[in-house]
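See below for the structure under consideration.
Chain A is the first sequence line, chain B the second, and so forth, proteins listed ahead of strands; every chain is numbered from 1.
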Amino acid sequence: MDTVTQLSAMPTPPPRVRFAPSPTGYLHVGGARTALFNWLYARKNGGTFVLRIEDTDAARNTPQALAAIFDGLRWLGLDWDEGPEAGGDCGPYFQSQRQAIYDEYLKRLTEGGHTYTEENGAVRFRSPKEVIMLQDEIGGEIKIDRTNEPDMTIRRPDGGYIFHFVNVVDDIEMKISHVIRGEDHIFNTGKHIELFQAFGVTPPVYGHIPLILNQEDGSKMSKRSAGASVGYYIANGYLPEAVRNYLCLLGWSPKDDREVIPIDEVQRLFDRDHLNHHNARFDLEKCRWMNGEYLKLQSDADFAASAKAWLHGPQASELDPRATPEFAALKPLLSAAPLDVLLPLIKPKIKVMPEILEHLTMGLNGTVPIADDVRAKISAQPDAAAKLTSLTGHFDALVHWNREHIQDGVNLAAAELKVKPGALMFPLRVAITGQGHGVDLLPLLEILGKAETIARIRARTPLLTA
RNA sequence: GACCCUUUCGUCUAGCGGUUAGGACAUCGCCCUUUCACGGCGAGAGCACGGGUUCGAUUCCCGUAGGGGUCGCCA
(Lines give C-alpha, C1' and ligand atoms only; values in the text may rest on other atoms or scores of the structure.)
Protein backbone atom coordinates (compact mmCIF):
# COMPACT_ATOMS: atom_id res chain seq x y z
CA MET A 1 0.00 0.00 0.00
CA ASP A 2 1.58 3.30 -1.02
CA THR A 3 1.39 6.57 0.81
CA VAL A 4 -1.19 8.20 -1.43
CA THR A 5 -3.58 5.31 -1.01
CA GLN A 6 -3.10 5.39 2.73
CA LEU A 7 -3.92 9.08 2.88
CA SER A 8 -7.02 8.90 0.77
CA ALA A 9 -8.20 5.86 2.66
CA MET A 10 -7.72 7.58 5.99
CA PRO A 11 -11.19 7.83 7.48
CA THR A 12 -12.44 11.24 8.51
CA PRO A 13 -13.43 11.14 12.16
CA PRO A 14 -17.17 11.03 12.77
CA PRO A 15 -18.61 14.53 13.13
CA ARG A 16 -19.55 16.07 16.45
CA VAL A 17 -22.42 18.53 16.23
CA ARG A 18 -24.43 20.32 18.87
CA PHE A 19 -27.66 22.10 19.59
CA ALA A 20 -27.04 24.92 22.03
CA PRO A 21 -30.26 26.60 23.11
CA SER A 22 -30.67 29.05 25.94
CA PRO A 23 -33.52 28.29 28.33
CA THR A 24 -35.28 31.63 28.06
CA GLY A 25 -38.76 31.08 26.72
CA TYR A 26 -40.12 28.16 24.82
CA LEU A 27 -38.74 25.79 22.19
CA HIS A 28 -39.23 27.60 18.91
CA VAL A 29 -39.98 25.56 15.77
CA GLY A 30 -36.99 27.24 14.15
CA GLY A 31 -34.79 26.03 16.97
CA ALA A 32 -36.35 22.60 16.74
CA ARG A 33 -35.57 22.51 13.04
CA THR A 34 -31.97 23.51 13.73
CA ALA A 35 -31.76 20.71 16.28
CA LEU A 36 -33.35 18.35 13.76
CA PHE A 37 -30.81 19.16 11.04
CA ASN A 38 -27.92 18.72 13.47
CA TRP A 39 -29.39 15.44 14.65
CA LEU A 40 -29.88 14.25 11.06
CA TYR A 41 -26.32 15.17 10.20
CA ALA A 42 -24.98 13.25 13.17
CA ARG A 43 -27.16 10.21 12.54
CA LYS A 44 -26.40 10.15 8.82
CA ASN A 45 -22.66 10.26 9.39
CA GLY A 46 -22.36 8.13 12.50
CA GLY A 47 -21.49 11.21 14.51
CA THR A 48 -22.35 12.55 17.94
CA PHE A 49 -25.20 14.93 18.72
CA VAL A 50 -24.45 17.06 21.76
CA LEU A 51 -26.98 19.11 23.70
CA ARG A 52 -25.51 22.08 25.50
CA ILE A 53 -27.53 24.51 27.57
CA GLU A 54 -26.35 28.10 27.15
CA ASP A 55 -27.59 29.53 30.41
CA THR A 56 -25.03 32.26 31.01
CA ASP A 57 -27.67 34.95 31.44
CA ALA A 58 -29.02 33.96 34.84
CA ALA A 59 -31.64 36.70 34.88
CA ARG A 60 -33.42 35.34 31.82
CA ASN A 61 -33.28 31.60 32.48
CA THR A 62 -36.33 29.74 33.70
CA PRO A 63 -36.83 26.11 34.72
CA GLN A 64 -39.95 25.98 32.55
CA ALA A 65 -37.94 26.94 29.50
CA LEU A 66 -35.38 24.25 30.28
CA ALA A 67 -38.15 21.68 30.61
CA ALA A 68 -39.63 22.84 27.31
CA ILE A 69 -36.31 22.14 25.59
CA PHE A 70 -36.03 18.64 26.99
CA ASP A 71 -39.70 17.83 26.43
CA GLY A 72 -39.76 19.22 22.92
CA LEU A 73 -36.61 17.44 21.74
CA ARG A 74 -37.71 14.16 23.26
CA TRP A 75 -41.19 14.53 21.83
CA LEU A 76 -39.67 14.97 18.37
CA GLY A 77 -37.47 11.95 18.95
CA LEU A 78 -34.25 13.96 18.75
CA ASP A 79 -32.18 12.01 21.23
CA TRP A 80 -28.86 13.55 22.23
CA ASP A 81 -25.76 11.44 22.75
CA GLU A 82 -24.11 13.83 25.16
CA GLY A 83 -25.63 16.48 27.35
CA PRO A 84 -27.86 16.94 30.37
CA GLU A 85 -29.29 13.66 31.62
CA ALA A 86 -27.21 11.81 29.02
CA GLY A 87 -23.71 12.37 30.32
CA GLY A 88 -20.56 12.43 28.21
CA ASP A 89 -16.86 13.15 28.52
CA CYS A 90 -17.10 16.89 27.89
CA GLY A 91 -19.46 17.95 30.65
CA PRO A 92 -20.89 19.64 32.48
CA TYR A 93 -23.27 20.56 29.68
CA PHE A 94 -24.71 23.61 31.41
CA GLN A 95 -22.61 26.68 30.79
CA SER A 96 -23.56 27.99 34.19
CA GLN A 97 -21.45 25.16 35.65
CA ARG A 98 -18.35 25.76 33.54
CA GLN A 99 -17.01 28.96 35.12
CA ALA A 100 -13.59 27.48 35.93
CA ILE A 101 -13.07 26.42 32.32
CA TYR A 102 -13.94 29.89 31.06
CA ASP A 103 -11.61 31.51 33.60
CA GLU A 104 -8.80 29.32 32.33
CA TYR A 105 -9.47 30.17 28.70
CA LEU A 106 -9.74 33.85 29.47
CA LYS A 107 -6.35 33.64 31.14
CA ARG A 108 -4.89 32.13 28.00
CA LEU A 109 -6.41 34.86 25.89
CA THR A 110 -5.15 37.58 28.19
CA GLU A 111 -1.64 36.12 28.32
CA GLY A 112 -1.63 36.15 24.55
CA GLY A 113 -2.40 39.85 24.62
CA HIS A 114 -5.84 39.43 23.05
CA THR A 115 -7.85 41.22 25.72
CA TYR A 116 -8.11 44.49 27.56
CA THR A 117 -10.24 45.58 30.47
CA GLU A 118 -12.57 48.56 30.51
CA GLU A 119 -12.73 50.96 33.44
CA ASN A 120 -15.92 49.33 34.66
CA GLY A 121 -14.35 45.86 34.59
CA ALA A 122 -15.80 44.56 31.35
CA VAL A 123 -13.31 42.54 29.34
CA ARG A 124 -13.05 43.06 25.62
CA PHE A 125 -11.41 41.00 22.91
CA ARG A 126 -8.91 42.80 20.74
CA SER A 127 -10.23 42.10 17.25
CA PRO A 128 -7.71 41.70 14.43
CA LYS A 129 -10.20 43.62 12.29
CA GLU A 130 -9.76 41.73 9.07
CA VAL A 131 -11.97 40.59 6.24
CA ILE A 132 -12.96 36.98 6.81
CA MET A 133 -13.91 34.75 3.92
CA LEU A 134 -16.19 32.18 5.44
CA GLN A 135 -16.39 28.88 3.57
CA ASP A 136 -19.95 28.02 4.43
CA GLU A 137 -21.08 24.47 3.74
CA ILE A 138 -24.52 25.69 2.77
CA GLY A 139 -24.18 29.28 1.65
CA GLY A 140 -20.84 28.93 -0.11
CA GLU A 141 -18.23 31.67 0.22
CA ILE A 142 -19.48 34.51 2.39
CA LYS A 143 -17.57 37.71 2.98
CA ILE A 144 -17.59 39.04 6.50
CA ASP A 145 -15.94 42.42 6.81
CA ARG A 146 -14.71 42.88 10.36
CA THR A 147 -12.43 45.83 9.64
CA ASN A 148 -14.74 48.46 11.05
CA GLU A 149 -16.34 46.44 13.81
CA PRO A 150 -15.82 47.35 17.46
CA ASP A 151 -14.10 44.94 19.82
CA MET A 152 -16.57 42.51 21.31
CA THR A 153 -17.14 42.24 25.02
CA ILE A 154 -16.46 38.76 26.30
CA ARG A 155 -16.96 39.22 30.04
CA ARG A 156 -19.33 41.47 31.92
CA PRO A 157 -18.25 43.64 34.83
CA ASP A 158 -19.98 41.17 37.14
CA GLY A 159 -17.74 38.37 35.86
CA GLY A 160 -20.38 36.69 33.74
CA TYR A 161 -19.16 35.59 30.33
CA ILE A 162 -20.76 36.59 27.05
CA PHE A 163 -22.23 34.23 24.48
CA HIS A 164 -19.49 34.59 21.86
CA PHE A 165 -16.75 33.62 24.28
CA VAL A 166 -18.43 30.66 25.95
CA ASN A 167 -19.84 29.39 22.68
CA VAL A 168 -16.34 29.19 21.19
CA VAL A 169 -14.69 27.82 24.32
CA ASP A 170 -17.27 25.08 24.58
CA ASP A 171 -17.09 24.22 20.91
CA ILE A 172 -13.35 23.77 21.42
CA GLU A 173 -13.73 21.83 24.68
CA MET A 174 -16.50 19.65 23.29
CA LYS A 175 -14.56 19.04 20.08
CA ILE A 176 -17.39 20.24 17.87
CA SER A 177 -16.48 19.60 14.23
CA HIS A 178 -19.52 21.07 12.47
CA VAL A 179 -21.63 24.03 13.50
CA ILE A 180 -25.07 23.95 11.87
CA ARG A 181 -27.07 26.96 12.97
CA GLY A 182 -29.45 29.61 11.73
CA GLU A 183 -28.44 32.19 9.17
CA ASP A 184 -29.03 34.86 11.80
CA HIS A 185 -25.66 33.79 13.25
CA ILE A 186 -23.56 34.59 10.19
CA PHE A 187 -22.01 37.73 11.64
CA ASN A 188 -21.48 36.03 14.97
CA THR A 189 -19.50 33.44 13.08
CA GLY A 190 -17.08 36.17 12.05
CA LYS A 191 -16.49 37.00 15.70
CA HIS A 192 -16.21 33.36 16.62
CA ILE A 193 -13.60 32.64 13.97
CA GLU A 194 -11.50 35.44 15.43
CA LEU A 195 -11.68 33.79 18.83
CA PHE A 196 -10.78 30.37 17.46
CA GLN A 197 -7.75 31.89 15.79
CA ALA A 198 -6.73 33.69 18.96
CA PHE A 199 -6.85 30.35 20.76
CA GLY A 200 -4.79 28.82 17.96
CA VAL A 201 -7.54 26.36 17.14
CA THR A 202 -8.87 25.58 13.68
CA PRO A 203 -12.54 26.65 13.55
CA PRO A 204 -15.18 24.01 12.93
CA VAL A 205 -16.93 23.66 9.59
CA TYR A 206 -19.89 26.03 9.43
CA GLY A 207 -23.23 25.61 7.76
CA HIS A 208 -25.80 28.36 8.13
CA ILE A 209 -29.33 27.27 7.40
CA PRO A 210 -31.97 29.70 6.21
CA LEU A 211 -34.64 30.85 8.60
CA ILE A 212 -38.26 29.86 9.04
CA LEU A 213 -40.58 32.78 8.43
CA ASN A 214 -44.00 33.69 9.69
CA GLN A 215 -46.78 32.46 7.52
CA GLU A 216 -48.66 35.76 7.83
CA ASP A 217 -46.19 38.56 7.22
CA GLY A 218 -43.05 36.71 6.19
CA SER A 219 -40.92 38.09 9.00
CA LYS A 220 -38.77 35.98 11.28
CA MET A 221 -41.13 33.65 13.07
CA SER A 222 -42.02 35.07 16.44
CA LYS A 223 -43.88 34.14 19.58
CA ARG A 224 -47.02 35.74 18.24
CA SER A 225 -47.67 33.33 15.42
CA ALA A 226 -49.71 30.20 16.01
CA GLY A 227 -47.55 27.15 15.94
CA ALA A 228 -44.33 29.00 16.71
CA SER A 229 -43.60 26.80 19.68
CA VAL A 230 -43.20 23.06 19.77
CA GLY A 231 -45.48 23.12 22.79
CA TYR A 232 -48.36 24.10 20.51
CA TYR A 233 -48.12 20.79 18.66
CA ILE A 234 -47.84 18.80 21.85
CA ALA A 235 -50.87 20.57 23.31
CA ASN A 236 -52.86 19.99 20.15
CA GLY A 237 -52.13 16.30 20.02
CA TYR A 238 -50.09 16.31 16.81
CA LEU A 239 -48.14 13.19 16.02
CA PRO A 240 -44.47 13.98 16.55
CA GLU A 241 -43.44 12.05 13.43
CA ALA A 242 -45.72 14.29 11.38
CA VAL A 243 -44.34 17.54 12.78
CA ARG A 244 -40.80 16.25 12.39
CA ASN A 245 -41.52 15.23 8.79
CA TYR A 246 -42.98 18.65 8.03
CA LEU A 247 -39.97 20.38 9.58
CA CYS A 248 -37.65 18.25 7.44
CA LEU A 249 -39.32 19.66 4.35
CA LEU A 250 -38.66 23.26 5.33
CA GLY A 251 -35.40 23.89 3.54
CA TRP A 252 -34.64 20.28 2.70
CA SER A 253 -36.04 18.08 -0.02
CA PRO A 254 -35.45 14.51 -1.16
CA LYS A 255 -35.74 15.88 -4.72
CA ASP A 256 -38.02 13.11 -5.91
CA ASP A 257 -41.43 14.57 -5.10
CA ARG A 258 -41.92 12.47 -2.00
CA GLU A 259 -43.20 14.29 1.07
CA VAL A 260 -44.29 11.69 3.58
CA ILE A 261 -40.93 10.13 4.27
CA PRO A 262 -39.91 7.86 7.15
CA ILE A 263 -37.24 9.46 9.28
CA ASP A 264 -34.70 6.71 8.66
CA GLU A 265 -35.04 7.43 4.97
CA VAL A 266 -34.43 11.13 5.65
CA GLN A 267 -31.38 10.17 7.66
CA ARG A 268 -30.10 8.20 4.74
CA LEU A 269 -30.66 10.97 2.19
CA PHE A 270 -29.82 14.01 4.30
CA ASP A 271 -27.09 16.01 2.66
CA ARG A 272 -26.11 19.65 2.42
CA ASP A 273 -26.63 19.42 -1.35
CA HIS A 274 -30.31 18.97 -0.61
CA LEU A 275 -30.54 22.09 1.54
CA ASN A 276 -32.02 25.30 0.23
CA HIS A 277 -30.33 28.66 0.57
CA HIS A 278 -33.45 30.69 0.99
CA ASN A 279 -35.91 31.17 3.82
CA ALA A 280 -39.17 29.28 3.97
CA ARG A 281 -42.54 30.29 5.31
CA PHE A 282 -44.18 28.04 7.80
CA ASP A 283 -47.50 26.70 6.50
CA LEU A 284 -49.60 25.44 9.38
CA GLU A 285 -52.24 24.17 6.95
CA LYS A 286 -49.77 21.86 5.29
CA CYS A 287 -48.48 20.75 8.64
CA ARG A 288 -52.04 19.77 9.54
CA TRP A 289 -52.32 17.84 6.29
CA MET A 290 -49.10 16.03 7.12
CA ASN A 291 -50.52 15.10 10.50
CA GLY A 292 -53.57 13.68 8.77
CA GLU A 293 -51.33 11.57 6.56
CA TYR A 294 -49.59 10.10 9.59
CA LEU A 295 -52.94 9.57 11.29
CA LYS A 296 -54.01 7.39 8.37
CA LEU A 297 -50.94 5.24 8.89
CA GLN A 298 -51.90 4.53 12.49
CA SER A 299 -53.84 1.45 13.49
CA ASP A 300 -57.23 1.99 15.12
CA ALA A 301 -55.85 0.77 18.41
CA ASP A 302 -52.85 3.11 18.25
CA PHE A 303 -55.08 6.01 17.38
CA ALA A 304 -57.49 5.25 20.21
CA ALA A 305 -54.57 5.07 22.59
CA SER A 306 -53.09 8.40 21.52
CA ALA A 307 -56.52 10.05 21.47
CA LYS A 308 -57.30 8.88 24.99
CA ALA A 309 -53.88 9.98 26.16
CA TRP A 310 -54.55 13.40 24.71
CA LEU A 311 -58.06 13.63 26.16
CA HIS A 312 -56.80 12.85 29.62
CA GLY A 313 -53.44 14.56 29.32
CA PRO A 314 -52.38 17.70 31.15
CA GLN A 315 -53.47 21.03 29.74
CA ALA A 316 -50.49 22.98 28.56
CA SER A 317 -51.58 26.59 28.13
CA GLU A 318 -54.46 28.86 27.36
CA LEU A 319 -53.96 27.99 23.70
CA ASP A 320 -54.77 24.40 24.56
CA PRO A 321 -58.09 23.31 23.03
CA ARG A 322 -58.62 21.24 26.16
CA ALA A 323 -58.88 24.46 28.16
CA THR A 324 -62.11 25.53 26.45
CA PRO A 325 -65.69 25.48 27.82
CA GLU A 326 -66.59 22.99 25.08
CA PHE A 327 -64.05 20.57 26.43
CA ALA A 328 -65.20 21.14 29.99
CA ALA A 329 -68.74 20.22 28.92
CA LEU A 330 -67.54 17.10 27.17
CA LYS A 331 -65.26 15.85 29.91
CA PRO A 332 -67.92 14.35 32.24
CA LEU A 333 -69.28 12.28 29.35
CA LEU A 334 -65.92 10.70 28.57
CA SER A 335 -65.58 8.36 31.51
CA ALA A 336 -68.56 6.22 30.54
CA ALA A 337 -68.12 6.62 26.80
CA PRO A 338 -67.37 3.66 24.50
CA LEU A 339 -64.23 5.36 23.22
CA ASP A 340 -62.62 2.23 21.86
CA VAL A 341 -65.38 1.81 19.29
CA LEU A 342 -66.16 5.49 18.81
CA LEU A 343 -62.63 6.74 18.12
CA PRO A 344 -61.97 4.45 15.13
CA LEU A 345 -65.06 5.93 13.51
CA ILE A 346 -63.66 9.40 14.04
CA LYS A 347 -60.13 8.64 12.90
CA PRO A 348 -60.75 8.89 9.13
CA LYS A 349 -62.61 12.16 9.58
CA ILE A 350 -59.89 14.28 11.10
CA LYS A 351 -56.48 15.77 10.39
CA VAL A 352 -55.58 16.92 13.88
CA MET A 353 -56.58 15.75 17.32
CA PRO A 354 -58.74 18.67 18.49
CA GLU A 355 -61.21 17.78 15.74
CA ILE A 356 -62.22 14.70 17.70
CA LEU A 357 -63.86 17.01 20.22
CA GLU A 358 -66.64 18.00 17.84
CA HIS A 359 -67.24 14.41 16.78
CA LEU A 360 -67.25 13.12 20.33
CA THR A 361 -69.69 15.79 21.34
CA MET A 362 -72.00 14.80 18.50
CA GLY A 363 -71.79 11.18 19.51
CA LEU A 364 -71.99 11.52 23.26
CA ASN A 365 -74.31 14.45 23.74
CA GLY A 366 -77.79 13.82 22.33
CA THR A 367 -79.04 17.29 23.14
CA VAL A 368 -76.76 19.42 21.01
CA PRO A 369 -78.89 22.10 19.34
CA ILE A 370 -79.51 21.75 15.61
CA ALA A 371 -77.03 23.80 13.62
CA ASP A 372 -78.50 26.77 11.78
CA ASP A 373 -77.32 25.82 8.30
CA VAL A 374 -78.67 22.32 8.86
CA ARG A 375 -82.03 23.65 10.00
CA ALA A 376 -82.36 25.55 6.73
CA LYS A 377 -81.71 22.42 4.71
CA ILE A 378 -83.99 20.19 6.73
CA SER A 379 -86.89 22.61 6.60
CA ALA A 380 -86.73 22.26 2.81
CA GLN A 381 -87.80 18.67 3.36
CA PRO A 382 -91.40 18.86 4.62
CA ASP A 383 -91.58 15.07 4.91
CA ALA A 384 -88.61 14.84 7.26
CA ALA A 385 -90.84 14.18 10.27
CA ALA A 386 -92.71 11.44 8.42
CA LYS A 387 -89.39 9.82 7.45
CA LEU A 388 -88.21 9.83 11.02
CA THR A 389 -91.48 8.44 12.29
CA SER A 390 -91.24 5.59 9.83
CA LEU A 391 -87.62 4.93 10.76
CA THR A 392 -88.49 4.88 14.42
CA GLY A 393 -91.17 2.30 13.83
CA HIS A 394 -88.93 -0.05 11.91
CA PHE A 395 -86.02 0.43 14.31
CA ASP A 396 -88.30 -0.35 17.21
CA ALA A 397 -89.24 -3.63 15.59
CA LEU A 398 -85.64 -4.80 15.26
CA VAL A 399 -84.64 -7.69 17.47
CA HIS A 400 -80.95 -7.58 16.72
CA TRP A 401 -79.21 -4.20 16.82
CA ASN A 402 -76.22 -4.10 14.52
CA ARG A 403 -75.41 -2.11 11.42
CA GLU A 404 -76.72 -4.77 9.01
CA HIS A 405 -80.09 -4.91 10.73
CA ILE A 406 -80.19 -1.16 11.08
CA GLN A 407 -79.66 -0.96 7.33
CA ASP A 408 -82.59 -3.37 6.93
CA GLY A 409 -84.70 -1.04 9.03
CA VAL A 410 -83.71 1.90 6.86
CA ASN A 411 -84.54 -0.09 3.73
CA LEU A 412 -87.96 -1.07 5.06
CA ALA A 413 -88.78 2.52 5.92
CA ALA A 414 -87.63 3.62 2.49
CA ALA A 415 -89.85 1.00 0.83
CA GLU A 416 -92.77 2.10 2.90
CA LEU A 417 -92.30 5.74 1.90
CA LYS A 418 -91.35 4.87 -1.67
CA VAL A 419 -88.03 6.78 -1.49
CA LYS A 420 -84.42 5.76 -1.87
CA PRO A 421 -82.75 4.68 1.36
CA GLY A 422 -80.23 7.46 0.89
CA ALA A 423 -82.98 10.04 1.20
CA LEU A 424 -83.51 9.02 4.80
CA MET A 425 -79.92 9.41 5.89
CA PHE A 426 -79.71 13.16 6.14
CA PRO A 427 -82.80 13.59 8.36
CA LEU A 428 -81.61 10.65 10.42
CA ARG A 429 -78.17 12.16 10.89
CA VAL A 430 -79.61 15.48 11.94
CA ALA A 431 -81.94 13.77 14.41
CA ILE A 432 -79.08 11.80 15.93
CA THR A 433 -76.33 14.44 16.07
CA GLY A 434 -77.93 17.79 15.32
CA GLN A 435 -75.32 18.26 12.57
CA GLY A 436 -75.20 17.69 8.84
CA HIS A 437 -71.81 16.03 8.82
CA GLY A 438 -69.93 13.52 10.89
CA VAL A 439 -68.82 9.94 11.22
CA ASP A 440 -70.40 7.01 9.36
CA LEU A 441 -73.95 6.97 10.62
CA LEU A 442 -74.93 3.30 10.83
CA PRO A 443 -71.92 2.26 12.89
CA LEU A 444 -72.65 5.21 15.15
CA LEU A 445 -76.25 4.04 15.66
CA GLU A 446 -74.97 0.59 16.50
CA ILE A 447 -72.71 2.04 19.17
CA LEU A 448 -75.44 4.29 20.59
CA GLY A 449 -77.84 1.38 20.93
CA LYS A 450 -81.44 0.99 20.01
CA ALA A 451 -82.94 2.81 22.97
CA GLU A 452 -80.71 5.86 22.68
CA THR A 453 -81.18 6.01 18.92
CA ILE A 454 -84.96 5.97 19.15
CA ALA A 455 -84.96 8.38 22.07
CA ARG A 456 -82.87 10.89 20.16
CA ILE A 457 -85.05 10.66 17.08
CA ARG A 458 -88.22 11.16 19.11
CA ALA A 459 -86.71 14.06 21.03
CA ARG A 460 -85.40 15.92 17.99
CA THR A 461 -88.18 15.25 15.50
CA PRO A 462 -90.41 18.07 16.83
CA LEU A 463 -87.41 20.42 16.78
CA LEU A 464 -86.82 19.85 13.07
CA THR A 465 -90.06 21.45 12.08
CA ALA A 466 -90.11 24.09 14.80
C1' G B 1 -28.79 53.45 6.61
C1' A B 2 -24.50 49.91 6.10
C1' C B 3 -23.32 44.91 5.42
C1' C B 4 -24.69 39.65 4.42
C1' C B 5 -28.11 36.02 2.41
C1' U B 6 -32.02 35.26 -0.95
C1' U B 7 -35.83 35.48 -5.41
C1' U B 8 -39.81 29.09 -9.81
C1' C B 9 -47.69 28.91 -8.95
C1' G B 10 -50.88 32.23 -2.73
C1' U B 11 -47.37 28.56 0.24
C1' C B 12 -43.46 24.41 0.43
C1' U B 13 -40.60 22.67 -3.51
C1' A B 14 -38.33 19.72 -8.38
C1' G B 15 -35.45 21.79 -12.18
C1' C B 16 -28.62 22.45 -12.24
C1' G B 17 -28.44 25.60 -21.22
C1' G B 18 -32.92 22.94 -25.32
C1' U B 19 -38.90 20.42 -20.52
C1' U B 20 -46.07 20.97 -23.01
C1' A B 21 -41.64 24.21 -16.34
C1' G B 22 -43.04 18.51 -12.55
C1' G B 23 -45.04 17.38 -7.45
C1' A B 24 -47.47 18.80 -2.78
C1' C B 25 -50.68 22.08 0.50
C1' A B 26 -54.57 25.47 -0.31
C1' U B 27 -58.60 26.98 -3.93
C1' C B 28 -62.33 25.56 -7.66
C1' G B 29 -65.02 21.75 -10.70
C1' C B 30 -66.60 16.69 -11.71
C1' C B 31 -67.12 11.54 -10.11
C1' C B 32 -67.91 8.15 -6.03
C1' U B 33 -71.16 8.28 -1.83
C1' U B 34 -76.28 8.28 2.97
C1' U B 35 -74.64 14.29 4.36
C1' C B 36 -69.58 15.75 5.51
C1' A B 37 -64.99 13.79 4.88
C1' C B 38 -61.80 10.29 2.44
C1' G B 39 -60.61 8.63 -2.38
C1' G B 40 -60.35 9.22 -7.91
C1' C B 41 -60.14 12.60 -12.05
C1' G B 42 -59.50 17.51 -13.73
C1' A B 43 -58.87 23.06 -13.77
C1' G B 44 -56.86 27.77 -12.61
C1' A B 45 -52.28 29.55 -10.73
C1' G B 46 -45.24 30.46 -11.29
C1' C B 47 -39.65 31.32 -13.60
C1' A B 48 -39.49 39.62 -10.09
C1' C B 49 -37.45 43.20 -13.82
C1' G B 50 -33.42 45.00 -17.15
C1' G B 51 -28.99 44.07 -19.46
C1' G B 52 -25.41 40.75 -21.13
C1' U B 53 -22.88 35.48 -22.42
C1' U B 54 -24.88 31.81 -25.93
C1' C B 55 -27.46 29.18 -31.85
C1' G B 56 -30.59 28.96 -27.47
C1' A B 57 -31.68 31.09 -21.11
C1' U B 58 -35.97 29.42 -15.51
C1' U B 59 -30.93 27.55 -15.53
C1' C B 60 -24.46 31.24 -16.19
C1' C B 61 -22.68 36.70 -15.23
C1' C B 62 -23.82 41.96 -13.91
C1' G B 63 -27.26 45.52 -12.35
C1' U B 64 -32.24 47.08 -10.36
C1' A B 65 -36.30 46.00 -7.43
C1' G B 66 -38.61 42.89 -3.63
C1' G B 67 -38.01 39.70 0.74
C1' G B 68 -35.22 38.17 5.05
C1' G B 69 -31.26 38.69 8.47
C1' U B 70 -27.38 41.31 11.31
C1' C B 71 -25.51 45.66 13.26
C1' G B 72 -25.66 44.46 22.46
C1' C B 73 -21.93 44.33 28.62
C1' C B 74 -29.10 38.86 24.73
C1' A B 75 -28.32 34.10 23.03
| Under 4.0 Å protein heavy-atom contacts per nucleotide of nucleotides 67-75 of chain B, with B for base, S for backbone only and - for none | -SBS--BBB

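- Looking only at distances, a side-chain donor or acceptor of A:Arg460 sits under 3.5 Å from a matching main-chain atom of A:Gly366.
- Residues A:Ile180 and A:Thr34 approach most closely at O-CG2, 3.6 Å, considering heavy atoms.
- B:C9 and B:C47: their P atoms are spaced 7 Å apart (whole Å).
- The pairing partner recorded for B:G42 is B:C28, the criterion being a Watson-Crick or G-U wobble arrangement whose two distances lie under 3.5 angstrom.
- The same atom, C1', is picked in B:C32 and in B:U20; the two are 30 Å apart, to the nearest Å.
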| message | Across nucleotides 25-36 of chain B, 5' to 3', mark each nucleotide with B, S or - according to how protein heavy atoms within less than 4.0 Å reach it. | response | SS-------BBB

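- Side-chain N or O atoms of A:Lys143 include none that pairs as donor or acceptor with a backbone N or O of A:Val131 at under 3.5 Å.
- Between A:Lys255 atom NZ and B:C12 atom C1' the separation is 13 Å, expressed in whole Å.
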| Full working for salt bridge (charged side-chain N to carboxylate O under 4.0 Å, His left out) between A:Arg126 and A:Glu194 | CA-CA 9 Å; A:Arg126 209 181 293 282; A:Glu194 289 183 345; over 6 Å; no

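- B:U59 and B:U53 are spaced 15 Å apart, taking the P atom of each and rounding to whole Å.
- Distance check on atom P: B:U6 versus B:G10 gives 22 Å, rounded to whole Å.
- Not one N or O on the side chain of A:Ser390 forms a donor-acceptor pair closer than 3.5 Å with the backbone of A:Lys387.
- The residues A:Glu293 and A:Lys296 are annotated as salt-bridged, a charged nitrogen and a carboxylate oxygen being separated by less than 4.0 angstrom.
- Remark: A:Lys143 is not in phosphate contact with B:C5, judged by side-chain N or O atoms under 4.0 Å from OP1 or OP2.
- Residue A:Gly251 is classed as a sugar-phosphate contact, given heavy-atom separations below 4.0 Å to backbone atoms only.
- Between the NE2 atom of A:His274 and the C1' atom of B:U13 there is a distance of 14 Å, rounded to whole Å.
- A distance of about 24 Å separates the C1' atoms of B:C49 and B:C3, rounded to the whole Å.
- Checking A:Leu448, A:Leu444, A:Val439 one by one against A:Leu342, the side-chain contact (heavy atoms from CB on, under 4.5 Å) holds for a single residue, A:Leu444.
- A 3.5 Å limit on both hydrogen-bonding distances identifies no Watson-Crick or G-U partner for B:C16.
- Atom C1' of B:U11 sits at a distance of 12 Å from the matching atom of B:G46, rounded to the whole Å.
- A cation-pi arrangement is not found for A:Arg429 relative to A:Phe426, the charged atom failing to lie both closer than 6.0 Å to the ring centre and inside a 45° cone about the ring normal.
- Of all nucleotides present, none satisfies the Watson-Crick or G-U wobble test against B:U35 with each distance under 3.5 Å.
- Of all nucleotides present, only B:U70 satisfies the Watson-Crick or G-U wobble test against B:A2, with each distance under 3.5 Å.
- Of the possible polar contacts, none joining the A:Asn236 side chain to the A:Tyr238 backbone as a donor-acceptor pair under 3.5 Å is found.
- For the P atoms, the distance linking B:G22 with B:A14 amounts to 15 Å, nearest Å.
- Between B:A2 and B:G15, the distance separating the two P atoms is 35 Å to the nearest Å.
- Using cut-offs of 30° and 60° on the angle between ring planes, the pair A:Tyr206 and A:His208 is parallel.
- Across every strand in view, B:G63 sits in a pair with B:C49 that passes the Watson-Crick or G-U test at under 3.5 angstrom.
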